[in-house]
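These notes are about the structure you will find just below.
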Amino acid sequence: MGTWRFVAVLIFLTFVGPVSYAQTETCGAIITPAGYYDEDSEEQRSPIENCANPFNGTEGIDDFLVGEDPVANGQTITVPDTGLANYGYSNENYYQTSAQVYRHVGSDYVLANVSFAEPTDDDRRTAISEYFDDDPSQAAFYTLIYFSSDQFSYFFVDGNTFDPITDARAGRYVVDVFRDVEEYVERNVRSQRAPLPPGTYTVVRSFDDSGPAPSAIPSVRWLSWLVPTAQAAQIVQTVTFTLVTELPPEAGASSVLFLPGVMGSRLFEVTNACGADGEEHEVWVDSNECFQARMAMTSAGESINPLYTYVGRRGLVDEAYTLNYYKSFINSLDDWQDEGTIADYTIVPYDWRLKLSDTLLSWRAATTDQLLSRRDLPLREQHLYKTLAALASTSLSGKVTMVAHSNGGLVAKQFLIKLAEADDPLLAKIDNLILVAVPQVGTPEALISLLHGTDLGLGFVLDEEMSRWLLNNMPMGYHLLPNQEYFDGQGSSVSTPVIDFEAGASTTAWRNEYGDVIDRSTLHHFLGSSSGRSSTLDQDLVTPQLLNDELLAYAREIEEEQAAWQPPQTLKVYQIAGVGLSTPAKITYTTVRVCAKFISGTCIQYLWEVRPQIRTVIDGDETVVTPSALALTGNNVERWWLNLAAYNQSVFLNRRHASIIEVEDVINFVQDSVSGSVHAPYDYLTKDAPNLTNLNRLSFQLHSPLDS
């Protein structure tokens with residue numbers, strides 16, 4: 001096919017070295033096909049090392065065009081059966097190209113031939129005529145030079161480079177005018193590009209220290225990719241898009257993927273502990289303290305014991321101890337599927353104890369339907385990814401709505417972050433994200449639980465001592481702490497402090513160190529070892545527990561990652577916050593006098609001790625405060641308030657945070673969202689904040705812009 005391509009192969013091998021076929025290609029390879037450089041060149045394969053980001057992309061591309069329109073990441077484009085020919089960067093032509101386009105073939109990325117056909121002589125003559133649009137004689141003269149085999153004789157007298165010929169009409173040397181003409185031809189000549197057949201493609205463009213990589217010389221255009229990837233690239237831009245001959249029908253409802261909240265997934269273990277005799281036992285939900293202790297984690301936030309959950313409803317805590325948490329919602333999904341309203345739905349349980357990124361690292365065991373963890377699991381091998389992709393492939397609209405409750409909303413956002421980082425086209429398959437009572441910037445309830453414990457079922461299911469001991473090493477508790485965005489976020493900000501101190505003998509030292517209140521700048525200092533506080537006894541639930549420094553650092557890291565996320569334009573986000581119920585808002589530490597010694601029923605010695613007082617407000621659902629559940633803002637974001645106080649007055653069984661998704665208005669809202677229906681007026685769910693007259697209120701602000 002050409003000598004230069006053979007040379008290119010040799011240089012490629014010099015730069016990159018031989019490829020080892022012994023490497024395991026767990027997530028495919030980047031492939032240069034046989035015959036790409038010349039007819040004798042062999043296929044070159046580079047196993048992908050970073051499965052989530054095969055090209056080690058650092059940013060997106062916003063100037064790769066189809067026709068005159070920029071291509072958006074994840075976009076689907078309708079093309080003729082013959083494929084797409086009019087594509088590339090605005091400044092590309094035969095003489096200068098920077099598009100490196102890879103076709104997705106299974107898990108591989110195959111370098112596509114996107115070369116321009118060589119321009120015809122007529123193309124070049126036309127460009128020269130355009131340059132001299134008002135002077136045909138000049139156009140004829142420089143066309144003659146352009147196609148001459150002896151251009152030198154037109155530039156210099158008798159071949160003397162010190163005696164250039166002047167163009168009297170232009171008032172410049174002929175050689176200088178010709179160079180301008182040549183540059184114009186190279187910038188403006190147009191020729192047909194090799195068409196791209198239907199399929200999914202990723203465009204890659206690299207920059208090195210000296211700027212953009214593309215070469216202006218056709219014979220070395222291949223260097224625009226090889227040189228940057230030979231350890232010289234500083235920036236790698238990518239964009240992924242799909243070409244189809246016909247867009248999938250948009251009629252019909254989206255399929256639904258549901259992510260439950262904290263403690264909303266059952267956890268299992270095969271164990272000999274606690275009398276299980278080597279059998280599988282449901283560690284959560286179980287009120288037995290021995291089994292609860294099996295949920296303990298290391299100081300690094302990793303599970304000590306090999307716990308797992310199950311795919312679908314088997315892994316969901318839809319009901320427990322005669323109370324239902326998700327049962328009505330899941331039954332409604334069943335009904336919608338049976339009626340043909342939606343094609344399908346899936347529940348995705350997960351190990352809610354873990355760091356958010358670690359919750360994604362689960363894979364489905366085909367023979368048992370267990371969801372097991374693996375540290376090095378590539379994005380496309382993760383159960384959540386595969387599940388969403390499968391739902392999209394059968395959806396009536398080609399799209400999936402993600403519904404997430406509580407901590408499940410943070411898991412959903414973490415998944416979306418990973419899709420965006422990988423420029424994965426699956427991101428465009430998600431049309432709605434419905435966040436129900438999600439503590440997006442943390443909530444004081446998590447702070448109280450970490451410091452002093454919490455109980456479930458009045459302590460019969462889980463008591464304060466066990467919960468505090470477990471939470472100290474559970475990452476879940478830490479990424480639910482009020483974070484920087486809680487106090488001064490772009491979508492909301494809370495003025496009420498999460499900790500304050502009343503004057504007294506037992507709080508004097510803390511007041512001297514921190515002042516009357518703990519703000520964001522001092523919160524982690526107070527919680528961690530730098531505070532100088534001592535560790536507490538397990539049974540001492542009054543003294544605040546000293547928290548895990550390593551997991552506090554994790555909380556800061558995940559806070560930054562989640563705070564930076566903004567939904568793509570293809571995604572509509574709905575936030576639902578429960579309001580009207582007494583919800584923890586802060587801890588007030590006070591000094592109380594307690595009797596240290598009795599004689600004959602009379603106290604003869606008193607001591608001053610610190611006591612926590614939990615202050616509550618009605619701006620929440622008993623667990624998550626309103627501004628945290630409504631913290632996201634943007635043009636494609638909506639806020640909705642669910643008046644739980646009014647709703648609970650109308651029903652026998654009260655609903656609160658754990659069972660908020662069972663409220664009929666929420667279920668109807670999900671149905672309207674997935675079917676694309678107008679959100680009709682609901683009884684207790686509104687786009688405006690309800691009028692709550694109780695004086696026990698949280699001091700906070702919600703910021704705009706909003707999509708009203």
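Index from 1, following the sequence.
- With sequence neighbours excluded, the residues satisfying side chain to side chain contact (heavy atoms under 4.5 Å, CB included) with E421 are I417, K418, E561.
- Counting only heavy atoms from C-beta outward, the side chains of V666 and I434 never approach each other to under 4.5 Å.
- For residues 289-298, the salt bridge (Lys or Arg N to Asp or Glu O under 4.0 Å) pairs, not counting sequence neighbours, are E269-R294.
- L523 CG to Y514 OH: the interatomic distance, rounded to the nearest 0.5 Å, is 9.5 Å.
- With sequence neighbours excluded, the residues forming a salt bridge (charged side-chain N to carboxylate O under 4.0 Å, His left out) with E302 are R375, listed by chain and number.
- For the pair D358 (side chain) and L354 (backbone), a donor-acceptor distance under 3.5 Å is absent.
- Between the side chain of T443 and the main chain of P439, no donor-acceptor pair closer than 3.5 Å is present.
- At distances below 3.5 Å, at least one donor-acceptor pair connects side-chain atoms of D519 with backbone N or O atoms of T522.
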**Request:** Please lay out, stage by stage, how D431 and S254 fare under the test side-chain hydrogen bond (donor to acceptor under 3.5 Å, both in side chains).
**Result:** CA-CA 8 Å; D431 57 353; S254 304; 2.3 Å; yes
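- Only one option out of T496, D619, V625, V617 pairs with F700 in a side chain to side chain contact (heavy atoms under 4.5 Å, CB included); it is D619.
- For residues 540-555, the set of pairs meeting the salt bridge (Lys or Arg N to Asp or Glu O under 4.0 Å) definition, not counting sequence neighbours, is empty.
- Using a 4.5 Å heavy-atom cutoff, the side chains of V579 and L644 are not in contact.
- Between V670 and S673, the closest side-chain pair of non-hydrogen atoms is not below 4.5 Å.
- With rounding to the nearest 0.5 Å, the separation of CG in L307 from CG in L371 is 13.0 Å.
- Shown here for P568 and N636, the closest heavy-atom pair between the two residues is O-ND2, 2.9 Å.
- If you take CG on L384 and OG1 on T359, they are separated by 8.0 Å, rounding to the nearest 0.5 Å.
- The six-membered or imidazole ring of W640 lies away from that of Y574, with a centre-to-centre distance of 6.0 Å or more.
- Heavy atoms only, all atoms of each residue included: Q575 and A631 are closest at OE1-N, 3.3 Å.
- The closest donor-acceptor contact from the side chain of R697 to the backbone of L692 lies under 3.5 Å.
- Closest approach of F487 to S493, counting heavy atoms only: O-CB, 3.3 Å.
- By the 4.5 Å heavy-atom criterion applied to side chains, T590 and V610 are not counted as neighbours.
- One finds the CZ atom of F669 at 11.5 Å from the OG atom of S677 (value rounded to the nearest 0.5 Å).
- Just one of I587, L541, T543, T536 meets the side chain to side chain contact (heavy atoms under 4.5 Å, CB included) condition when paired with L451; it is I587.
- The environment of CG in L653 is crowded: more than 12 heavy-atom neighbours from other residues, nucleotides or ligands sit within 6.0 Å.
- Taking the centre of each ring, Y310 and F268 come in below the 6.0 Å mark.
- For H405 and F329, the ring centers sit 6.0 Å or farther from each other.
- By the salt bridge (charged side-chain N to carboxylate O under 4.0 Å, His left out) test, E622 pairs with R656, sequence neighbours left out.
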**Message:** As a quick check of understanding, evaluate ring-ring contact (aromatic ring centres under 6.0 Å, His included) for Y308 and H281, giving each step before the final call.
**Reply:** CA-CA 11 Å; Y308 54 89; H281 187 84; over 10 Å; no
**Request:** Applying side-chain hydrogen bond (donor to acceptor under 3.5 Å, both in side chains), run through Q414 and Q562 and close with a yes or a no.
**Result:** CA-CA 7 Å; Q414 195 66 20; Q562 292 241 330; 3.1 Å; yes
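- Using a 4.0 Å cut-off between charged nitrogen and carboxylate oxygen, R615 and E502 count as a salt-bridge pair.
- Y589 does not carry R511 over the face of its six-membered ring by the limits of under 6.0 Å from the centre and within 45° of the normal.
- Here R364 pairs with D369 in a salt bridge; the nearest charged N to carboxylate O distance falls below 4.0 Å.
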**Message:** One pair to check against side-chain hydrogen bond (donor to acceptor under 3.5 Å, both in side chains): E662 and S328. What are the steps and the verdict?
**Reply:** CA-CA 6 Å; E662 294 288 87; S328 299; 3.1 Å; yes
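- Among residues at least two apart or in separate chains, salt bridge (Lys or Arg N to Asp or Glu O under 4.0 Å) pairs with a member in residues 318-337 are R266-D318, R313-D318, R313-D334, E319-K327.
- Interatomic distance, CD of Q539 versus CZ of R468, reported as 9.0 Å (0.5 Å rounding).
- Ring orientation note: the planes of F501 and W510 are tilted relative to one another, at an angle of 30° to 60°.
- Side chains of L356 and N407 form a contact here, defined as non-hydrogen atoms less than 4.5 Å apart.
- Across L551, L471, L527, a single residue satisfies side chain to side chain contact (heavy atoms under 4.5 Å, CB included) together with L450, and that is L471.
- The closest side-chain donor-acceptor pair between T686 and D688, if any, does not fall under 3.5 angstrom.
- E282 CD: more than 12 foreign heavy atoms inside a 6.0 Å radius.
- Under the side chain to side chain donor-acceptor pair (under 3.5 Å) test applied with Y478, the options N472, N473, N548 reduce to a single match, N472.
- By the neighbour-count criterion of 12 heavy atoms within 6.0 Å, atom OH of Y321 is densely surrounded, having more than that number from other residues, nucleotides or ligands.
- Here OG of S265 is found 8.5 Å from CG of L259. Values are rounded to the nearest 0.5 Å.
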